[in-house]
Amino acid sequence: MDLLIAFLIFIGAMVGSLTLGLPSALAIAVGLLAFTGVALHRGYRLAGLVPEALDAVKSARGVVFVMAIIGLLTGIWRLSGTITVFVYYGVSGLTPGLFLLLAFLLAALLSYTLGTSFGVTATLGVIFMAIARAGAVDPLIAGGVLMSGAFFGDRASPVSSSANLVAAVTGTEILRNVRLMMKTGAVPFLITVLVYGLLSVRNPLNHLDTGILAAIQAEYGLSLWCFLPAALMLVLPLLKIPVIRAMIVSIVASGAVAVFVQGEPLAEILKVMLLGYHRKSAALGTILDGGGLLSMSNVIVVLILSAMYSGIFKKTGMLKGVQGKLSGLAARIGRFPATALVGLGVGMVFCNQTIAILMTRDFMESVYTEAGAEREELAIDMENSVVLLACLVPWGIGCSVPLQFLGVSAAALPYAVFMYAVPLTYLFLKKKKRPGGATAGE
């Protein structure tokens, strides 16, 4: 009963934070106090809980550092024109009869390079939605297409915060995970391309408004050097350069492009890396604003507090009853379906992709361990379920914010083909390893 009360307090705090527009970290802090109260009620002493929680925070410092680097990267890429040059040449190369397909492919490329769904929908997405509306393309279809492209990279990019978080909490290697995600995502990607190709033919642009190109040309130096930071981020991991080193190299290259191509002073570069990018001119509105270390502050605090949760759960074993029931569920329907259901349920309740990842790991880790499964199986099962499913919940942050950027309702979600094609195809195609090395379809 005490554990149920703690969960209800946690849920209430999350609903309150969403309603009032407060940072989710506040709700996490309230939940942490509630679960600490459960531990104290069950006879554990605070002096024994604190060291365990701090040890869990220490183990999470690697992913916290990665999140900070991602914040710096997304800020300086805006200043250097790296994101803008993708948008400019993407719009320039649009073919009216293939608009939807090209929108998906460009959004997928940018999201893989940038690693963020919010960044893609708030920049490329806003511009492409304006083009779609001006060209009489159904906004709901265009919105779903752009959601699919944005979450392609959110799921599988080596610089994605969710991909790095999954790797960290499962103790797996990010580049190996990326390779496995590309392998398991190949079939749904091809299905998505086919669907969007057909939709493109049926919904061509009647008119291509290129006014945005003039606005970009007036404010940026559109040199091919602007592609360099993104090219480095794409190529270096393929050469087995560690992701963090690749990101740092990309940041340095972005700084050089900002100075020598955009003519920005060093002080402005440092400011943008810390506080984010804010365009001085109103010509492009707030489309390109964002990024910076400050933009990751809520995520970093959530990670630190959530790590403390894990430490307390581990010390007290208060989730063992739930984990036992989930083991029985996994034995009946398979580990991946059980993980998908847990991830979707947590995403529906807590409305947050980061929390869904962390709590799904807490609930399901012992299920995989007891079955003799490798850590990579849990990581890829989570990538192919909770990472995407939590962002198909209309009231969740991962879904509602991109939809708000795109200016469409949740009615666009049926057209976000890639987001549900991944878990559905994986459900039927996955081969699971049983203890002893035998394989069987799950």
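Computation of the quantities below employed the complete heavy-atom set of this structure, encompassing side-chain atoms and omitting hydrogens, waters and symmetry-equivalent molecules. Residues: numbered from 1 along the sequence shown.
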Undergrad: Between Asp381 and Arg335, is the closest basic N to carboxylate O distance under 4.0 Å?
TA: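 No salt bridge links Arg335 with Asp381.
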Undergrad: Ring centres of Tyr196 and Tyr415 under 6.0 Å apart?
TA: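 Ring centroids of Tyr196 and Tyr415 are no less than 6.0 Å from each other.
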Undergrad: Distance check, rounded to the nearest 0.5 Å: Ile304 atom CD1 versus Ile28 atom CD1?
TA: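 Answer for the CD1-CD1 pair, Ile304 versus Ile28, is 12.5 Å.
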Undergrad: To the nearest 0.5 Å, how far apart are CH2 in Trp77 and CG in Leu110?
TA: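 CG of Leu110 is found 8.0 Å from CH2 of Trp77.
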Undergrad: Using a 3.5 Å distance criterion without hydrogens, assess whether the side chain of Ser162 forms a donor-acceptor pair with backbone atoms of Arg155.
TA: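 No, Ser162 side chain to Arg155 backbone: no donor-acceptor pair under 3.5 Å.
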Undergrad: Could you measure the distance from the CG atom of Leu106 to the CD1 atom of Ile127? Nearest 0.5 Å is fine.
TA: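 Between atom CG of Leu106 and atom CD1 of Ile127 there are 10.0 Å.
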Undergrad: Could you tell me how the ring of Phe152 sits relative to the ring of Phe418: parallel (under 30°), tilted (30 to 60°) or perpendicular (over 60°)?
TA: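 Ring orientation of Phe152 relative to Phe418: tilted.
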Undergrad: What distance separates Leu388 CG from Phe151 CZ, expressed to the nearest 0.5 Å?
TA: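 Going from CG on Leu388 over to CZ on Phe151, the span is 8.0 Å.
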Undergrad: Under a 3.5 Å distance rule, please check whether Ser111 uses its side chain to pair with a backbone N or O of Val120 as donor and acceptor.
TA: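 The answer is no, because no donor-acceptor pair under 3.5 Å joins these two groups.
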Undergrad: Specify the closest pair of heavy atoms between Val159 and Ile70, including all atoms of both residues, with the distance to one decimal.
TA: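 Heavy atoms of Val159 and Ile70 come nearest at O-CD1, 3.0 Å.
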Undergrad: Supply the atom-to-atom distance Leu73 CG to Arg78 CZ, rounded to the nearest 0.5 angstrom.
TA: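 Leu73 CG to Arg78 CZ: 10.0 Å, rounded to 0.5 Å.
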Undergrad: Are the side chain of Thr95 and the backbone of Gly97 linked by a donor-acceptor contact shorter than 3.5 Å?
TA: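 Absent.
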Undergrad: For Phe189 and Phe104, take the angle between the two ring planes, folded into 0 to 90°, and tell me which bin it lands in: parallel under 30, tilted 30 to 60, perpendicular over 60.
TA: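 Tilted: the ring planes of Phe189 and Phe104 meet at 30° to 60°.
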Undergrad: Assess the side chains of Asp154 and Ser160: does a donor N or O sit below 3.5 Å from an acceptor N or O?
TA: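 Judged by distance alone, the side chains do not pair up.
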Undergrad: Could you check if a side-chain atom of Met129 sits within less than 4.5 angstrom of a side-chain atom of Val408, using non-hydrogen atoms only?
TA: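 Side-chain contact under 4.5 Å: yes.
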Undergrad: Could you please spell out the steps behind the salt bridge (Lys or Arg N to Asp or Glu O under 4.0 Å) verdict for Glu376 and Arg179?
TA: CA-CA 11 Å; Glu376 285 78 10; Arg179 289 192 292 271; over 6 Å; no
Undergrad: Is the backbone N or O of Ala356 less than 3.5 Å from a side-chain atom of Thr360, with the two atoms forming a donor-acceptor pair by type?
TA: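 Indeed, once roles are kept as given, a pair shorter than 3.5 Å links the two residues.
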Undergrad: Kindly compute the distance separating CE (Met296) from OG1 (Thr116), expressed to the nearest 0.5 Å.
TA: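 It is 8.0 Å, given to the nearest 0.5 Å.
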Undergrad: Fit a plane to each ring of Tyr426 and Phe336, take the angle between them on a 0 to 90° scale, and name the class: parallel (under 30°), tilted (30 to 60°) or perpendicular (over 60°).
TA: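 Perpendicular: the ring planes of Tyr426 and Phe336 meet at over 60°.
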Undergrad: Taking the side chain as every heavy atom from C-beta outward, state whether Ser409 and Leu403 have any pair of such atoms under 4.5 Å apart.
TA: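 Sidechains of Leu403 and Ser409: no contact.
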Undergrad: For the pair Ser157 (side chain) and Tyr112 (backbone), establish whether a donor and an acceptor sit closer than 3.5 Å, ignoring hydrogens and angles.
TA: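 A pair under 3.5 Å: yes.
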Undergrad: Any donor-acceptor pair under 3.5 Å linking the side chain of Arg202 with the backbone of Gly197?
TA: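 Checked: no pair found.
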Undergrad: Check this for me: Arg245, atom CZ, are more than 12 non-hydrogen atoms of other residues, nucleotides or ligands nearer than 6.0 Å?
TA: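 At most 12 heavy atoms, drawn from other residues, nucleotides or ligands, come within 6.0 Å of this atom.
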Undergrad: Between Arg375 and Tyr368, is NZ or CZ placed under 6.0 angstrom from the six-membered ring centre and within 45° of the ring axis?
TA: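 No cation-pi geometry.
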Undergrad: Specify whether Phe7 and Phe363 have parallel, tilted or perpendicular ring planes, treating 30° as the upper limit for parallel and 60° as the lower limit for perpendicular.
TA: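 Correct class here is parallel.
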